[in-house]
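This structure is a prediction, so every number in the text was calculated from the model and none was measured. Starting from 1, each residue takes its place in the sequence as its number. Atoms within a ligand are numbered from 1 in the order they appear, just like the ligands themselves.
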Amino acid sequence: MENEVISKNFIEQMIDKDLAEGVYDTVHTRFPPEPNGYLHIGHAKSILLNYGLAQKYNGKFNMRFDDTNPTKEKVEFVESIKADIEWLGADWEDRLFFASDYFEAMYEAAVKLIKKGKAFVCDLTAEEIRSYRGTLTEPGKESPYRNRSVEENLELFEAMRAGKYADGEKVLRAKIDMASPNMNMRDPVIYRVAHISHHNTGDKWCIYPMYDFAHPIEDAIEGITHSICTLEFEDHRPLYDWVVKELEYPVPPRQIEFAKLYLTNVVTGKRYIKKLVEEGIVDGWDDPRLVSIAALRRRGFTPESIRMFVDLCGISKSQSSVDYAMLEYCIREDLKLKKPRLMAVLDPIKLVIDNYPEGQVEYLDAANNLENEDLGSRKIPFCRELYIEREDFMEEPLKKYFRLFPGNEVRLMHAYFVKCESFVKDESGRITEVHCTYDQETKAGSGFTGRKVKGTIHWVPAPYAMTAEVRLYENIIDEEKGVYNEDGSLNLNPNSLTIVEQAYLEPAFEGAKPYDSYQFVRNGFFCVDARDTTEEKLVFNRIVSLKSSFKLPKA
Ligand code: ATP
Ligand code: MG
């Protein structure tokens, strides 16, 4: 019990206190994305946090599109966001909302403020409003329109709605305090005129509410108790509280801020991701080099791995970056017992076993995953001609190289010992074939103990091999080293994508379909690409290599 208390994050502690003190008798959270791009790993953190809290406290979780800004929003994004959240496993049940559905209520709320003498129509230009605002050290100056009568304000606001004014000609401002040390409280603009069509309401409106006014109203209408957002809104909280208080909601929601998730070595900002997509540097929002949720899914990450990652990151109030290697650690952990470990050769050379009879084949037993018997076993055809990795042979071995070189013996995984007798080169000096002899006594599983070898290499039987295209990835841009070069161009990694046009796979890959993933022995975890795989051609993305630089800190 004591452990449980200690492990609670600061948000859970605040919720516990609210419940204990009777401020709220339930927990109701929401995820409020703006539909102006695809979701990324940072949003996943927010989604799982909000959904997780609702579950933990037996409360509710709403999905709400914060679509009050008509300029940047698109229906394509609405659909992708819904798909991503469902994939992550956050269930909004029947509570899918659009902030734009509340425009009428927001208008009424503004009228209410006007009637209370708490809002006024202002004719200052945007430029003037800025200069009247003051600075962090100096108070602002009151607008000359601040003391308009309630009647006049009501009339002007209605005229704003009716389309009598051009964009920027008039705004509605909250009447708070031009001397407040918090700049957000210096009579902030809460409505503006904008003659723009909206993806949901069309041309019904030509005035739109500002975020700081709209958001608390959306929360209050939906009965949200804990409105969780990121740190940049901390200074806006007094305004949030002011809005819900002045509008006299019976159970006002509470805003709580936490630190955004940043990952090292990758591009996390929606703005940067958008640029890569729009400039055609990546092949869409789901390019596997990105950390949008769509990209992570296409690359082969699982909802479980992302949940594990978010849990490991924890929730905090201070800004920090998490190592990308931790995300890789999570997907390895998730897949290592769940997926078969099969053999695939990415950079092949032919290996010929000179003393193995031509035309002969035998079927060797191999466990699919030595650490998980439930995954069963398969038969691998073994014959005279195989493929092995080019790097598993060296004409002149380096020190401590225990793989194939003339005179050396290694184990072929699940099969026999083979000894390198000779090799063949083409005119350019490139190795084209390695010749070996095998020793029948050394069959895997036969209990042979006669002698030992230091190296085990994987292989694929040449006549039975399947082929596939395999894509290997590196970071596209290292955000830590700078997204831009000095001349303003993007600092791209030229090696972010390597395409292996023809890799060889053992026949156990038969039936592989989009999103299936496997461990390729020694080469990493790979997932069938859902976009480019066809009946004729199998395409794999490397999710992650097997080696890790990341160590889970000891608890
Ligand atoms: P970006 O900064 O990438 O453009 P955003 O904050 O503009 O993202 P919204 O659609 O407004 O994107 O965000 C929806 C929710 O996700 C907000 O509550 C926001 O605070 C949260 N969120 C956005 N980025 C992160 C992040 N990196 N870590 C955690 N939560 C995030
Ligand atoms: Mg935003």
Side-chain angles (χ1 to χ4, degrees), residues 9-11 29-54 61-74 76-82 84-85 88 90 92 96-100 199 210-212 214-216 218-219 222 224 226-237 240 253-278 285 290-296 306-307 309-322 324 326-327 477 479 483:
N9 65 46
F10 78 94
I11 296 179
T29 59
R30 87 286 175 261
F31 177 65
E34 200 184 337
N36 63 350
Y38 279 58
L39 299 181
H40 55 62
I41 183 83
H43 296 115
K45 176 167 185 171
S46 177
I47 293 161
L48 295 171
L49 170 64
N50 279 293
Y51 179 63
L53 287 170
F61 166 77
N62 288 8
M63 173 63 210
R64 180 204 313 148
F65 284 101
D66 209 332
D67 58 352
T68 53
N69 179 358
T71 50
K72 295 181 291 182
E73 295 155 2
K74 278 207 219 148
E76 175 198 354
F77 298 138
V78 168
E79 293 311 315
S80 77
I81 289 171
K82 282 180 0 194
D84 289 346
I85 298 174
L88 277 174
W92 60 78
L96 169 65
F97 301 112
F98 288 82
S100 56
H199 77 96
M210 303 303 284
Y211 181 88
D212 283 340
H215 205 82
E218 295 157 23
D219 286 339
E222 292 177 16
I224 300 303
H226 299 87
S227 176
I228 297 165
C229 63
T230 40
L231 279 185
E232 70 271 26
F233 291 102
E234 196 165 22
D235 290 346
H236 298 239
R237 193 188 333 133
Y240 185 102
R254 177 201 293 293
Q255 175 180 305
I256 303 174
E257 312 85 19
F258 72 102
K260 274 194 173 180
L261 168 67
Y262 288 101
L263 274 184
T264 59
N265 304 326
V266 289
V267 184
T268 27
K270 205 191 279 174
R271 188 161 68 93
Y272 293 137
I273 296 180
K274 203 173 191 149
K275 191 169 165 70
L276 294 170
V277 174
E278 283 171 358
W285 284 94
L290 300 175
V291 286
S292 62
I293 295 177
L296 291 167
I306 292 176
R307 255 179 260 144
F309 174 69
V310 163
D311 285 345
L312 280 177
C313 290
I315 303 299
S316 110
K317 267 269 187 200
S318 57
Q319 210 72 258
S320 68
S321 280
V322 178
Y324 182 77
M326 191 159 108
L327 183 59
I477 286 182
E479 217 166 32
V483 173

Q) Do any nitrogen or oxygen atoms of T268 come within less than 3.5 Å of a nitrogen or oxygen of ligand 1? A) no
Exactly one of N9, I11, L231 clears side-chain contact (heavy atoms from CB on, under 4.5 Å) with K317, and that residue is L231
Next item on the list: Find out whether S227 and R30 are in side-chain contact, i.e. whether some heavy atom of one side chain is under 4.5 Å from a heavy atom of the other.
Entry: yes
Under 4.0 Å from one or more heavy atoms of S46, ligand 1 contributes atoms 16 (O), 21 (C), 30 (N)
Would C229 count as a polar contact of ligand 1, with the cut-off being nitrogen or oxygen pairs under 3.5 Å? no
Check: of K260, R271, K270, min heavy-atom distance to atom 6 (O) of ligand 1 comes from K260
The atoms of ligand 1 lying under 4.0 Å from a heavy atom of E34, numbered in the order shown, are 9 (P), 10 (O)
Residues at least two apart in sequence or cross-chain that pass salt bridge (Lys or Arg N to Asp or Glu O under 4.0 Å) with R254, listed by chain then number, are D18
Less than 4.5 Å apart, any side-chain heavy atom of N36 and any of N69? no
Sorted by chain and number, sequence neighbours left out, salt bridge (Lys or Arg N to Asp or Glu O under 4.0 Å) with R64 holds for E218, D219, E222
Practice prompt. Would you check if the side chain of H215 reaches a backbone N or O of D212 as a donor-acceptor pair within less than 3.5 Å?
Written response: no
Of A259, G37, G42, S227, the one whose closest heavy atom lies nearest atom 26 (C) of ligand 1 is G42
P33 heavy atoms within 4.0 Å reach ligand 1 at atoms 10 (O), 14 (C)
Query raised in the report: At a 4.0 Å cut-off, with the gap strictly under it, does some heavy atom of F31 reach an atom of ligand 1?
Result: yes
**Request:** Give yes or no for whether the N/O distance cutoff of 3.5 Å, strictly under, is met between K45 and ligand 1.
**Result:** no
Mind checking whether Y38 and F77 have parallel, tilted or perpendicular rings, split at 30° and 60°?
perpendicular
